[in-house]
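What follows is a short report on a single structure.
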Amino acid sequence: MLTGLISVIVTTYNREDALEAVLRSLSGQTDSDFEVVIADDGSRPATADLVELWKRKLGHRLDRVWHEDRGFRAAEIRNRAILVARGRYCVFLDGDCIARPDFIATHRRLGERGCFVTGNRILLSGELTAQVLREKLAPESWSFGQWLAQRINGGANRLAALLHLPLGPLRRLRSRAWRGARSCNLAVWRSDLDRVDGFDADYSGWGKEDSDIIVRLLRAGAARKDGVFATGVLHLWHAEADRGRLAENERKLSDSLAGDRVRARRGLSALQAPAMAAG
């Protein structure tokens, strides 16, 4: 099991109510040795105000990086967050994914040198999401019985992600598979992120930047370890993102799959270079 500080990198854009629910869930973690870095993809000032409020409430280091709103640039803002993170292990979480109380502890237990961990999620319905946010409910503490009722009533799409099963070596069955991994619940050693130069900011617009980094991590020698039946998060409903650049991003991913590139075309080093030049 890994020791030391874990950096939780939370990506957000103009959704303060969901981000507050995520921060609240992180404030109730059973493992206390972590920090939170908000990767803000160009939100309005209200998000900064919320982060400042939670700096006094979270009980852990809470930082925020921001860049100008020029469309969906999740890859670049995650890289900016990585550069200010202090932990040697990074857990990526979306700003609409509520973490259950053992989320950090479970990722710590699963952390293993030479591996990255891919988690899963439960999708909440629009109606349940609205209720959770409106009434400031804490679904991360609901019992299995409460979730079963929600599943029956259409509030959640599955229950399996709530379960904890000791899968042992079965967690490595997909050790070389890149499909199905999502950056909304992903844990990677900082040294491995440096090795592949982080996310590739050449991807802009929604889609495939998370697949790209998984492909390059595998190519760099890291193995996939499944966090299913252990690390499931509660994904609040949101309208479908603009997919206008998906075809272009799919083409970039196809090019990556056909080649042997390990490092990002425009990654962490592209952000570090101007600072080094200025110094």
Side-chain angles (χ1 to χ4, degrees), residues 2-70 72-108 111 119 129 132-141 183-190 193 198-199 231 233-236 238 268 271-272 275:
L2 74 93
T3 59
L5 184 72
I6 290 176
S7 296
V8 183
I9 295 176
V10 181
T11 311
T12 192
Y13 174 72
N14 279 343
R15 202 175 180 197
E16 294 82 18
D17 54 357
L19 180 60
E20 182 163 34
V22 173
L23 290 172
R24 183 204 62 234
S25 73
L26 291 173
S27 73
Q29 293 296 301
T30 58
D31 186 313
S32 61
D33 195 6
F34 69 94
E35 64 174 4
V36 179
V37 181
I38 304 298
D40 187 344
D41 194 19
S43 297
R44 58 198 165 217
T47 296
D49 295 341
L50 177 70
V51 172
E52 285 301 314
L53 173 66
W54 272 91
K55 282 182 178 179
R56 299 190 294 272
K57 297 168 63 175
L58 185 63
H60 306 273
R61 177 189 177 230
L62 174 59
D63 206 346
R64 168 179 166 267
V65 294
W66 177 93
H67 60 195
E68 183 183 357
D69 184 1
R70 289 196 274 127
F72 187 99
R73 294 190 290 153
E76 181 174 332
I77 198 61
R78 287 192 190 108
N79 283 346
R80 293 184 185 278
I82 291 166
L83 290 176
V84 304
R86 300 176 185 175
R88 60 191 186 121
Y89 197 68
C90 295
V91 176
F92 296 93
L93 183 67
D94 277 2
D96 53 11
C97 289
I98 296 174
R100 292 182 293 160
D102 63 349
F103 177 74
I104 301 296
T106 303
H107 267 296
R108 185 183 297 280
T129 294
V132 165
L133 297 178
R134 181 179 63 251
E135 300 178 19
K136 297 189 181 299
L137 303 179
E140 65 271 20
S141 7
S183 54
C184 67
N185 184 357
L186 172 68
V188 189
W189 290 92
R190 173 60 189 269
L193 290 168
F199 288 84
T231 65
V233 296
L234 313 173
H235 197 160
L236 299 167
H238 58 80
L268 295 170
L271 296 172
Q272 292 169 313

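Hydrogens, waters and symmetry mates play no part in the numbers below; they use all other heavy atoms, side chains included. We count residues from 1, following the sequence as given.
For Arg134, the side chain to side chain contact (heavy atoms under 4.5 Å, CB included) test picks out Ala130, Gln131, with sequence neighbours left out. Scanning for side chain to side chain contact (heavy atoms under 4.5 Å, CB included) contacts around Asp31 gives Asp33, Ile104, Ala105, Arg108, with sequence neighbours left out. Contacts of Asp69 classified as side chain to side chain contact (heavy atoms under 4.5 Å, CB included), with partners at least two apart in sequence or in another chain: Tyr13. For Asn79, there are no side chain to side chain donor-acceptor pair (under 3.5 Å) partners at least two apart in sequence or on another chain. With sequence neighbours excluded, the residues forming a side chain to side chain contact (heavy atoms under 4.5 Å, CB included) with Ala48 are Arg64, listed by chain and number.
When all heavy atoms are compared, the tightest approach of Lys55 to Leu62 is CE-O, 3.1 Å. Nearest approach of Ser183 to Asp94, heavy atoms of both residues: O-OD1, 4.2 Å. Here the closest heavy-atom approach between residue Arg56 and residue Glu52 is recorded as NH1-O, 3.7 Å. Minimum heavy-atom separation, Val22 to Gly95: CG2-O, 3.5 Å. Among all heavy-atom pairs drawn from Tyr89 and Ala187, the shortest one is OH-CB, 3.4 Å. The minimum heavy-atom distance between Ala39 and Ala81, with the atom names listed, is CB-CB, 4.0 Å.
Separating the CH2 atom in Trp54 from the CD1 atom in Ile38 is a distance of 11.0 Å, to the nearest 0.5 Å. Rounded to the nearest 0.5 Å, atoms OG1 (Thr12) and CG (Leu50) are 8.5 Å apart. A distance of 10.0 Å separates CG in Leu193 from OG in Ser7, rounded to the nearest 0.5 Å. Note that CD1 of Ile77 and OG1 of Thr11 are 8.5 Å apart. Values are rounded to the nearest 0.5 Å. Here the CG-CD1 distance, from Leu133 to Ile98, works out to 7.0 Å after rounding to the nearest 0.5 Å. Separation of atoms CD1 (Ile6) and NE2 (His60) is listed at 11.5 Å; rounding is to 0.5 Å.
Using modelled atom types, no side-chain atom of Ser43 and backbone atom of Asp40 make a donor-acceptor pair closer than 3.5 Å. With hydrogens and angles ignored, the 3.5 Å screen pairs a side-chain donor or acceptor of Asn14 with a backbone N or O of Arg44. Between the side chain of Arg70 and the main chain of Gly42, no donor-acceptor pair closer than 3.5 Å is present. Between the side chain of Gln29 and the backbone N or O of Arg100, at least one donor-acceptor pair lies under 3.5 Å.
In this structure the side chain of Trp189 reaches within 4.5 angstrom of the side chain of Leu2, judged on heavy atoms. Under the 4.5 Å side-chain criterion, counting only non-hydrogen atoms from C-beta, Asp49 is not in contact with Leu53. Contact annotation: the side chain of Val65 never approaches that of Asp63 to less than 4.5 Å [non-hydrogen atoms, C-beta and beyond]. Taking the side chain as every heavy atom from C-beta outward, Thr129 and Asp96 never approach each other to under 4.5 Å. Within the 4.5 Å cutoff, the side chain of Leu234 has no heavy atoms near those of the Val132 side chain. Looking only at side-chain heavy atoms (C-beta outward), His67 and Asp41 come within less than 4.5 Å of each other. Looking only at side-chain heavy atoms (C-beta outward), Val91 and Thr231 stay at 4.5 Å or farther from each other.
Side-chain rings of Phe34 and Phe103 stay apart, their centers remaining 6.0 Å or farther from each other.
Pairs engaging residues 79-89 under the salt bridge (Lys or Arg N to Asp or Glu O under 4.0 Å) rule: Glu76-Arg80 [sequence neighbours left out].
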